[in-house]
Number of protein chains: 2
Amino acid sequence: MSTIYDICTMNQEKVNKIRAFNRFYTRVIGLLNKYLNDSHYTLPEVRVMYEIYHHKQITSREITELLSMDKSYLSRMLLSFDKKGLIKRKTDKTDTRAQDISLSAKGEKEFLAINRSTENQIAELLSGLNNQEVEQLIVHMDGIQKILSKISN
Amino acid sequence: MSTIYDICTMNQEKVNKIRAFNRFYTRVIGLLNKYLNDSHYTLPEVRVMYEIYHHKQITSREITELLSMDKSYLSRMLLSFDKKGLIKRKTDKTDTRAQDISLSAKGEKEFLAINRSTENQIAELLSGLNNQEVEQLIVHMDGIQKILSKISN
DNA sequence: ATTTTTAGTTGACTTTGTCAACTATTTACG
DNA sequence: CGTAAATAGTTGACAAAGTCAACTAAAAAT
């Protein structure tokens with residue numbers, strides 16, 4: 001918990017630089033997500049698929065926690081995945097209220113295709129940079145994650 | 001323009017690290033924007049106010065370009081700002097189709113209040129870090145902006 | 001002078017996301 | 001044990017965010 005004193009003595013310029021970065025990176029992320037317009041899936045759908053894929057077995061509740069997503073929103077999304085045959089759901093053995101969700105063969109195929117095109121898009125973006133710049137970029141990104149992980153619970 | 005060759009030889013791990021950072025930072029930005037729920041304004045509204053404030057005089061078209069925002073969406077937003085007395089609009093002297101938009105005294109007051117609370121929120125976030133960490137964070141952020149500015153048109 | 005482009009508005013719509021109420025379990029606890 | 005409280009997921013109703021196309025009026029291009 002910070003005090004008024006902390007906030008007031010905090011260098012204004014530093015805060016402004018961080019805000020500038022946030023604005024800048026919001027645009028970067030926006031650009032990178034633009035490609036999704038051409039895919040059959042929306043950004044939140046892809047995020048959900050990502051979680052299912054990387055957990056192999058996951059419950060609704062876990063997804064809502066991981067993505068800070070409303071459970072009703074997710075419930076409807078999973079229904080649409082189900083209709084499209086992208087997921088399998090089976091009742092959890094130790095808690096019959098919960099379902100273990102996993103990607104079907106079709107779902108996995110779809111996800112991996114999206115995944116590849118995201119990767120290609122980033123690779124394409126990076127192709128405008130030389131090797132050293134890419135290395136530096138990653139160093140900076142790791143650095144930010146390391147520092148901010150301390151505070152983001 | 002990148003070639004297939006570039007993409008295929010691009011280190012997969014680097015691409016994955018960048019994607020991981022994007023996911024991470026999407027969450028950070030999401031957390032920072034959460035506070036807006038308590039404000040009277042939405043995120044896109046604040047962004048528009050930001051642009052009006054920092055240009056003193058700006059047209060609708062310029063805002064749509066700066067924020068990649070649909071002109072109909074913006075038009076309605078400006079209408080609501082107008083109704084709330086947050087902006088002044090006057091016909092541009094050299095192009096009577098266009099309007100020069102600026103914040104009213106009330107609008108400026110509102111924007112500055114939002115601005116302060118965003119600043120405080122970031123300052124509060126940073127209060128969990130020591131001086132050196134904050135310095136490092138800014139170095140990394142500047143680094144990323146410098147590198148990515150080369151390519152993001 | 002007329003066609004084409006542009007600035008902004010409006011109508012109709014879709015997507016995205018939220019909130020509260022509900023059912024069916026499970027867990028906590030006297 | 002048995003009842004109360006908490007939890008997993010669904011559903012209805014809605015609000016917020018964003019898009020698309022058609023339109024008016026003015027400006028720019030030809």
Side-chain angles (χ1 to χ4, degrees), chain A residues 26-27 29-31 33-52 55 57-84 87-102, chain B residues 26-27 29-31 33-52 55 57-84 87-102:
Chain A
T26 295
R27 289 185 70 82
I29 289 170
L31 284 173
N33 287 331
K34 266 276 177 285
Y35 92 95
L36 279 172
N37 296 341
D38 305 329
S39 105
H40 293 150
Y41 304 101
T42 67
L43 180 54
E45 281 176 340
V46 173
R47 285 211 266 251
V48 169
M49 284 190 208
Y50 176 91
E51 295 302 337
I52 302 175
H55 288 79
Q57 282 272 1
I58 194 168
T59 65
S60 233
R61 189 187 52 76
E62 288 169 323
I63 296 173
T64 61
E65 282 170 6
L66 286 165
L67 302 179
S68 313
M69 180 179 265
D70 183 81
K71 60 185 178 173
S72 69
Y73 185 25
L74 179 64
S75 174
R76 277 179 263 256
M77 193 183 290
L78 291 176
L79 185 67
S80 91
F81 283 177
D82 221 340
K83 282 181 184 164
K84 290 173 188 159
I87 56 169
K88 290 177 289 181
R89 304 156 114 163
K90 49 182 179 179
T91 304
D92 186 283
K93 273 166 186 157
T94 58
D95 185 345
T96 65
R97 292 171 306 176
Q99 334 174 327
D100 295 321
I101 298 155
S102 56
Chain B
T26 295
R27 288 185 70 84
I29 289 170
L31 283 173
N33 288 331
K34 265 276 176 288
Y35 91 95
L36 279 172
N37 297 342
D38 305 329
S39 106
H40 293 150
Y41 303 101
T42 66
L43 179 55
E45 282 176 338
V46 173
R47 284 212 267 250
V48 169
M49 283 190 211
Y50 176 92
E51 294 302 337
I52 301 175
H55 288 81
Q57 282 273 0
I58 194 169
T59 65
S60 234
R61 189 187 51 77
E62 288 170 323
I63 297 172
T64 61
E65 282 170 6
L66 286 164
L67 302 179
S68 314
M69 180 179 266
D70 183 81
K71 60 184 180 174
S72 68
Y73 186 24
L74 179 64
S75 174
R76 277 179 262 257
M77 190 183 290
L78 292 176
L79 185 66
S80 92
F81 283 177
D82 220 341
K83 282 179 183 162
K84 290 173 187 158
I87 55 168
K88 290 176 289 180
R89 304 157 115 162
K90 50 182 178 179
T91 305
D92 187 282
K93 273 167 188 156
T94 59
D95 184 346
T96 64
R97 292 169 307 176
Q99 335 174 324
D100 294 321
I101 299 156
S102 56

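Lettering follows sequence order; numbering is per chain, from 1.
- Residue B:Lys71 contributes atom NZ, which lies 11 Å from atom C1' of D:dC20 at whole-angstrom precision.
- One donor-acceptor pair, N or O on each side, does fall under 3.5 Å between the base of C:dT18 and the side chain of A:Arg76.
- Toward the 5′ end of DNA chain C lies the nearest nucleotide of A:Asp70, the other residue of the pair A:Thr96 and A:Asp70 mapping further downstream.
- Within 4.0 Å (heavy atoms only), B:Ser72 reaches at least one base atom of the nucleic acid.
- Where A:Met69 and B:Asp100 meet DNA chain C, the nucleotide closest to each residue was compared, and B:Asp100 sits on the side nearer the 5' end.
- Rounded to an integer number of Å, the gap from CD of B:Glu45 to P of D:dG18 is 11 Å.
- Note: CG (A:Asn33) to C1' (C:dT16) measures 14 Å, nearest angstrom.
- With C:dG17, C:dT10, D:dG18 as the candidates, the nucleotide lying closest to the side chain of B:Pro44 is D:dG18.
- Summarising the geometry, the separation between CZ on B:Arg89 and C1' on C:dA7 is reported as 12 Å, rounded to the nearest angstrom.
- You'll find the side chain of B:Ile101 stays beyond 4.5 Å of the side chain of B:Phe81, heavy atoms only.
- In this entry the distance linking CZ of B:Arg97 with C1' of D:dC23 reads 15 Å, nearest Å.
- Here the side chain of A:Gln99 is nearest to one of D:dG9, C:dT26, C:dT9, namely D:dG9.
- Side chains of A:Thr59 and A:Asp100 form a contact here, defined as non-hydrogen atoms less than 4.5 Å apart.
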Q: Could you check A:Glu45 against A:Met77 for side-chain contact (heavy atoms from CB on, under 4.5 Å), going step by step and ending with a plain yes or no?
A: CA-CA 7 Å; A:Glu45 281 176 340; A:Met77 193 183 290; 3.8 Å; yes
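- The separation between B:Ile63 atom CD1 and C:dT6 atom P is 19 Å, rounded to whole Å.
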Q | Criterion side-chain contact (heavy atoms from CB on, under 4.5 Å) on B:Ile58 and B:Val48, from CA distance to verdict | A | CA-CA 10 Å; B:Ile58 194 169; B:Val48 169; over 6 Å; no
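- Ionic pairing of A:Glu51 and A:Arg47 is not present here: no N-O contact between side-chain nitrogen and carboxylate oxygen is shorter than 4.0 angstrom.
- In this structure, B:Arg47 atom CZ and D:dA17 atom P are separated by 11 Å, rounded to whole Å.
- Looking at heavy-atom distances under 4.0 Å, A:Asp95 makes contact with sugar-phosphate atoms alone, never a base.
- Atom CG in B:Leu43 sits about 11 Å away from atom C1' in D:dA17, given to the nearest Å.
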